[in-house]
Student: 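Before I ask anything, here is the structure I am working with.
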Amino acid sequence: VHASHGAGEPCYITTAIAYPNGAPHIGHAYEYISTDALARFKRLDGYDVRFLTGTDVHGQKMQQTAEAEGIPTADLAKRNSDRFQALQERLGSSFDRFIRTSDTDHQRASEAIWQRMSDAGDIYLDTYSGWYDVRDETFYAEADTTIDDAGNRVATENGHVLTWTEEETYFFRLSAYQDKLLELYETHPEYVGPDVRRNEVVSFVKGGLTDLSISRTTFDWGVPVPGHPDHVMYVWVDALTNYLTGVGFPDDTATFDRYWPADLHIIGKDIIRFHCVYWPAFLMSAGIELPKRVFAHGFLFNKGEKMSKSVGNVVDPDNLIDEYGLDPVRYFFLREVSYGQDGSYSTDAIVSRINADLSNEFGNLAQRSLSMIGKYFDGAIPTPGAYTADDAALLEKAAGLLSRVRDQFDVQAIHLGIEALWSVLGDTNRYISSQEPWKLAKTDLDRTATVLYVCAEVVRIVALLAQPVMPESTNRLLDLLAVDPDDRQFTAVTDSLVAGTPLPKPTPIFPRYEA
Ligand code: ME8
């Protein structure tokens with residue numbers, strides 16, 4: 001029995017909720033895989049994790065897409081939300097709830113936060129006239145727009161074509177929160193990660209905040225404003241509130257008090273302003289505690305090019321999984337891309353990671369060690385003798401991995417956590433090459449036993465710690481080492497393989513990829 005690191009402490013982790021106006025793409029899959037790895041890590045480290053994900057079904061773009069397809073907006077939302085949910089399931093995502101902002105409890109939560117902001121005196125009625133980006137559901141100040149070559153008014157930052165909008169709307173007094181937000185970034189620098197994003201947010205807020213239009217009257221696909229059903233809420237007001245709905249706000253106070261504030265919102269870098277400026281301001285106004293951290297991952301590009309339907313390079317995550325298998329795809333994205341930075345992928349890069357990292361470094365080490373144990377020790381864990389300095393150094397490195405990897409995952413440096421595991425696999429491959437157990441077996445079976453025991457121990461520890469990244473393969477590998485399926489939490493790192501334990505016949509876990 002072990003004292004566990006998280007000791008049952010609650011931990012609430014979320015993804016962004018995607019717009020289901022089309023099919024999910026690899027950028028969405030990347031967000032789900034990475035958030036799932038973070039959630040699984042915390043769970044294996046002893047935390048009581050709640051992991052929320054879902055879809056953001058409201059907004060003008062959804063209504064326009066449905067009109068273009070000639071189907072009711074609710075049908076479009078349902079059909080495509082089902083596809084996002086199916087993708088999550090295919091990715092092995094360990095979410096606890098898949099929320100859709102059409103869920104009835106979400107309407108209730110959105111009304112409640114609106115009411116609280118209104119009671120705080122932060123909502124007033126006025127007329128909005130300005131530029132709106134339907135694609136990103138964003139308002140732009142005139143100063144942040146330009147005229148493009150075709151004569152369209154576009155958003156300077158991304159070139160999206162804007163629509164002139166004039167209507168009576170409710171405003172949120174965002175301007176009143178400038179100082180409080182700057183104080184938040186100052187006193188809680190960990191609120192926004194990585195640092196480059198915090199700097200962006202701070203300079204945006206220092207530039208001054210104008211009040212935010214938070215209702216619309218020109219379409220009706222959204223949550224009605226309480227008491228004013230001719231207005232629907234601006235989609236970002238209800239979308240951000242999903243994080244509260246997901247933990248029972250406002251009625252299930254037991255769940256809410258346990259999991260809120262959220263420990264970590266994972267989002268992409270394009271929606272940092274909504275999560276790091278609007279969201280904390282809404283919560284301050286409503287008198288609700290702020291999430292502890294927002295971390296923005298980068299964007300994925302296909303061979304360095306932005307994915308777009310017109311270029312025809314949008315990758316369907318299902319096809320990648322069909323071709324390479326789920327765990328290799330998970331491993332590839334988490335290891336290849338520095339989490340927090342943009343990343344690129346290509347067939348060559350995927351194949352090279354599969355063959356070099358998975359098949360050679362990890363798979364061969366496991367397969368060689370296990371098959372020699374089969375051959376020389378009747379398929380049972382051998383009894384180690386006294387350790388040499390080399391043996392002891394390697395075992396010590398492996399034992400130190402949990403705290404190294406935890407430190408990296410705690411700051412969402414997923415790629416560095418994986419790198420730490422693979423550096424010990426590299427050491428172990430050099431160790432087995434220099435010890436040459438296949439030769440030793442002819443002259444010194446006791447020493448062979450020790451060497452193979454050390455290798456199997458490293459494989460066991462790396463397999464335990466790689467579970468968040470490759471849940472299925474690592475669990476098959478742990479089966480081959482006869483590790484009790486009920487004792488694969490990270491506390492099991494300090495266990496040891498028990499000499500004499502019979503092992504099943506080994507089968508390769510990470511085959512080479514041959515096109
Ligand atoms: O923004 N690479 O929805 P969304 C990596 N509904 N990540 C990407 C990406 C790419 N190429 N393209 C998109 C929304 N993403 C809102 C969120 S949250 C309360 C509401 C990421 O479908 C993007 O950054 O446009 C975001 O985190 C997520 O996918 C959903 O994007």
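Just follow the structure's listing: the first ligand is 1, and inside any ligand the first atom is 1.
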Student: State whether Arg79 and Glu69 are salt-bridged, where the test is any N-O pair (Lys NZ or Arg NE/NH1/NH2 against Asp/Glu carboxylate O) under 4.0 Å.
Tutor: yes
Student: Determine, for Asp82 against Lys78, whether the closest basic-nitrogen to carboxylate-oxygen distance falls under 4.0 angstrom.
Tutor: yes
Student: Enumerate the atoms of ligand 1 whose separation from the nearest heavy atom of Asp56 is less than 4.0 angstrom.
Tutor: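 Those atoms are 6 (N), 16 (C), 20 (C).
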Student: Given Tyr30, Tyr243, Trp279, which one has a non-hydrogen atom that is nearest to atom 19 (C) of ligand 1?
Tutor: Tyr243
Student: Show which atoms of ligand 1 fall inside a sub-4.0 Å distance from at least one heavy-atom site of Asp270.
Tutor: 23 (C), 24 (O)
Student: Say whether Tyr513 and Glu323, considering side chains only, have a donor N or O and an acceptor N or O under 3.5 Å apart.
Tutor: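 Yes, Glu323 and Tyr513 have a side-chain donor paired with an acceptor closer than 3.5 Å.
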Student: For Gly298, take its heavy atoms, then give the atoms of ligand 1 lying under 4.0 Å from any of them.
Tutor: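 Per the distance check, 5 (C).
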Student: Under a plain distance cut-off of 3.5 Å, with no hydrogens placed, do Ser93 and Gln88 share a side-chain donor-acceptor pair?
Tutor: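 There is such a pair (donor and acceptor under 3.5 Å, judged by atom type) between the side chains of Gln88 and Ser93.
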Student: Any N or O of Leu240 that comes nearer than 3.5 Å to an N or O of ligand 1?
Tutor: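 The answer is no, given that Leu240 and ligand 1 share no N or O pair closer than 3.5 Å.
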Student: With backbone taken as N, CA, C and O and side chain as the heavy atoms from C-beta onward, which portion of Phe301 lies under 4.0 Å from ligand 1: side chain, backbone, both, or neither?
Tutor: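 The answer is neither.
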Student: Closer than 4.0 angstrom: is that true for some heavy atom of Ala296 and an atom of ligand 1?
Tutor: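 No, that is not the case, since the closest heavy atom of the residue is not under 4.0 Å from the ligand.
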Student: Checking Asp263 against Tyr47: is there a side-chain donor and acceptor pair closer than 3.5 Å?
Tutor: no
Student: If the threshold is 4.0 Å, N to carboxylate O, is there a salt bridge linking Glu190 and Lys292?
Tutor: no
Student: Would you find a donor on one side and an acceptor on the other, under 3.5 Å apart, between the side chain of Asp36 and the backbone of Ser94?
Tutor: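 Checked: pair present.
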Student: Can you tell me if His106 uses its side chain to pair, donor with acceptor, with the backbone of Asp238 under 3.5 Å?
Tutor: yes
Student: Taking distance alone, with N or O pairs closer than 3.5 Å, would you say His28 contacts ligand 1?
Tutor: yes
Student: Nearest to atom 13 (C) of ligand 1 by heavy atom, His25, Lys61, His58: which?
Tutor: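 Considering heavy atoms of His25, Lys61, His58, the nearest to atom 13 (C) of ligand 1 sits in His25.
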Student: Can a side-chain donor-acceptor contact be found between Glu137 and Tyr132 if the only test is distance below 3.5 angstrom?
Tutor: yes
Student: Does an N or O from Ala239, backbone or side chain, lie closer than 3.5 Å to an N or O of ligand 1?
Tutor: no
Student: Does only the side chain of Phe274 get under 4.0 Å from ligand 1, or the backbone, or both, or neither? Count heavy atoms.
Tutor: neither
Student: Please report whether ligand 1 has a polar contact with Tyr19, defined as an N or O pair separated by less than 3.5 Å (distance criterion only).
Tutor: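 Such a contact does occur with ligand 1.
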Student: With heavy-atom distances below 4.0 Å as the criterion, list the atoms of ligand 1 near Ile267.
Tutor: 27 (O)
Student: Can you tell whether the side chains of Arg216 and Glu167 come within less than 4.0 Å, N to carboxylate O?
Tutor: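 Glu167 and Arg216: salt-bridged.
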Student: I want to know if ligand 1 touches His275 in the polar sense, i.e. an N/O pair below 3.5 angstrom.
Tutor: no
Student: For ligand 1, which atoms, with element, lie under 4.0 Å from some heavy atom of Ala16?
Tutor: 18 (S), 26 (C), 27 (O)
